[in-house]
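All ligand and atom numbering here is 1-based and tracks the order in the structure.
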Amino acid sequence: MRIDILTLFPEMFAGPLSESIIKRARERGLVDIRIHNIRDHTHDKHRTADDRPFGGGPGMVLKPEPVFECVESELPEGTHLVYMTPQGRPLTQATIEALAGRDAFAVLCGHYEGVDERVREALVDDEISIGDYVLTGGELPAMVLVDAVVRLLPGALGDDESAQQESFADGRLDCPHYTRPESFRGMRAPEVLLSGNHGEIARWRREQAEKRTQERRPDLTNRQK
Ligand code: 9D3
């Protein structure tokens, strides 16, 4: 899979996409992630990528020319382009799964008040928000999206990690987890987990997951992912 990211802040992506499971997926050649600096597609002395909104008002708007040039010169023709914006559809696991099934896609990160509407109209195929809270730009949302997609690529997770995924993919919260020592500062791990009775252990985990889901996220039980 190929993922292109278009941003004014390419350096923000260095850390999160170069560690852990994403790092390993890139090293294994499962995904080719390319970061593009929109500002490299400006041509004036001050490398101006944004400007004041027509009609007045606060904030700055990303200019159309550098975004069009970046898309036209860096992306393969016809690449599916996702724009990260507070006005987008809320991100869900179903959307992540659909993107994970593509051969390639690109992500445009807004900053400031957003991009010139002509970019949206002419270039953008889908608009996604990661939730109802205010961030400073689309870069962190883009990293969230890429992280969630890449972990689904075949071979990205280890065997243990993938098995886990099977059992908890279906709209239920996870059960509590414990590891050694059995007793820590007077707090004991549940006896059932130390019992070696795998039937009892599975039942306890199911019950705990069910209880937590009812208490914390009853909305999850009435919906398809
Ligand atoms: C109404 C005035 N604006 C500032 C308060 C709106 C606004 C513009 C740009 C608010 C945030 C942003 C920057 N955020 C994103 O680009 C963004 C985002 C987000 O803030 N929350 C959740 N998902 C996303 S995806 C992109």
| task | Could you pull out the closest heavy-atom pair between I3 and V31, with the gap in Å? | result | CD1-CG2, 3.9 Å
| request: Name the closest protein heavy atom to atom 2 (C) of ligand 1, giving the residue it belongs to and the distance to 0.1 Å. | output: E113 OE1, 3.2 Å
| field | Exercise: do D126 and H80 side chains pair donor with acceptor under 3.5 Å | value | no
| G131 heavy atoms, cut-off 4.0 Å: which ligand 1 atoms fall inside? | 21 (N), 22 (C)
| For atom 21 (N) of ligand 1, the protein heavy atom that lies nearest, with its residue and separation | Y133 O, 2.8 Å
| query | Any Lys/Arg nitrogen of R203 or E207 sitting under 4.0 Å from an Asp/Glu carboxylate oxygen of the other? | reply | yes
| Side chains of T85 and E127: is there a donor and an acceptor less than 3.5 Å apart? | no
| message | I want to know if ligand 1 touches T85 in the polar sense, i.e. an N/O pair below 3.5 angstrom. | response | no
| said: Give me the residue, atom name and distance of the protein heavy atom closest to atom 23 (N) of ligand 1. | reply: I130 N, 3.1 Å
| task | Check ring-ring contact (aromatic ring centres under 6.0 Å, His included) between F184 and all other residues, then give those that pass, not counting sequence neighbours. | result | none
| message | Please list, in number order, the atoms of ligand 1 under 4.0 Å from a heavy atom of G138. | response | 15 (C), 16 (O), 26 (C)
| request: Could you pull out the closest heavy-atom pair between S129 and P86, with the gap in Å? | output: CB-O, 3.9 Å
| Which residue owns the protein heavy atom closest to atom 17 (C) of ligand 1, what's the atom, and how far is it? | P86 CD, 3.6 Å
| query | In terms of residue, atom name and distance, what is the protein heavy atom nearest to atom 24 (C) of ligand 1? | reply | P141 CG, 3.7 Å
| remark: atom 9 (C) of ligand 1: closest protein heavy atom, distance to 0.1 Å, is Y112 O, 3.1 Å
| query | Mind checking whether Y133 and M84 sit in one hydrophobic cluster, side chains of I, L, V, M, F, W, Y counted as touching below 4.5 Å? | reply | yes
| said: Just to confirm my output: which protein heavy-atom neighbour is closest to atom 11 (C) of ligand 1, and how far is it? | reply: L135 O, 3.4 Å
| Per-atom contacts of ligand 1 with G137, taking only distances under 4.0 Å to non-hydrogen atoms | 13 (C), 14 (N), 15 (C), 16 (O), 17 (C)
| task | Taking side-chain contact (heavy atoms from CB on, under 4.5 Å) as the test, write out the residues that go with H46, two or more places apart. | result | D44, T48
| said: Looking at R205 and D174, is there a salt bridge between them, counting it only when a charged N and a carboxylate O are closer than 4.0 Å? | reply: no
| task | Select one of side chain, backbone, both or neither to describe which atoms of D132 lie under 4.0 Å from any atom of ligand 1, heavy atoms only. | result | neither
| message | For atom 10 (C) of ligand 1, what's the nearest protein heavy-atom neighbour? Residue, atom name and distance, please. | response | V134 CG1, 3.8 Å
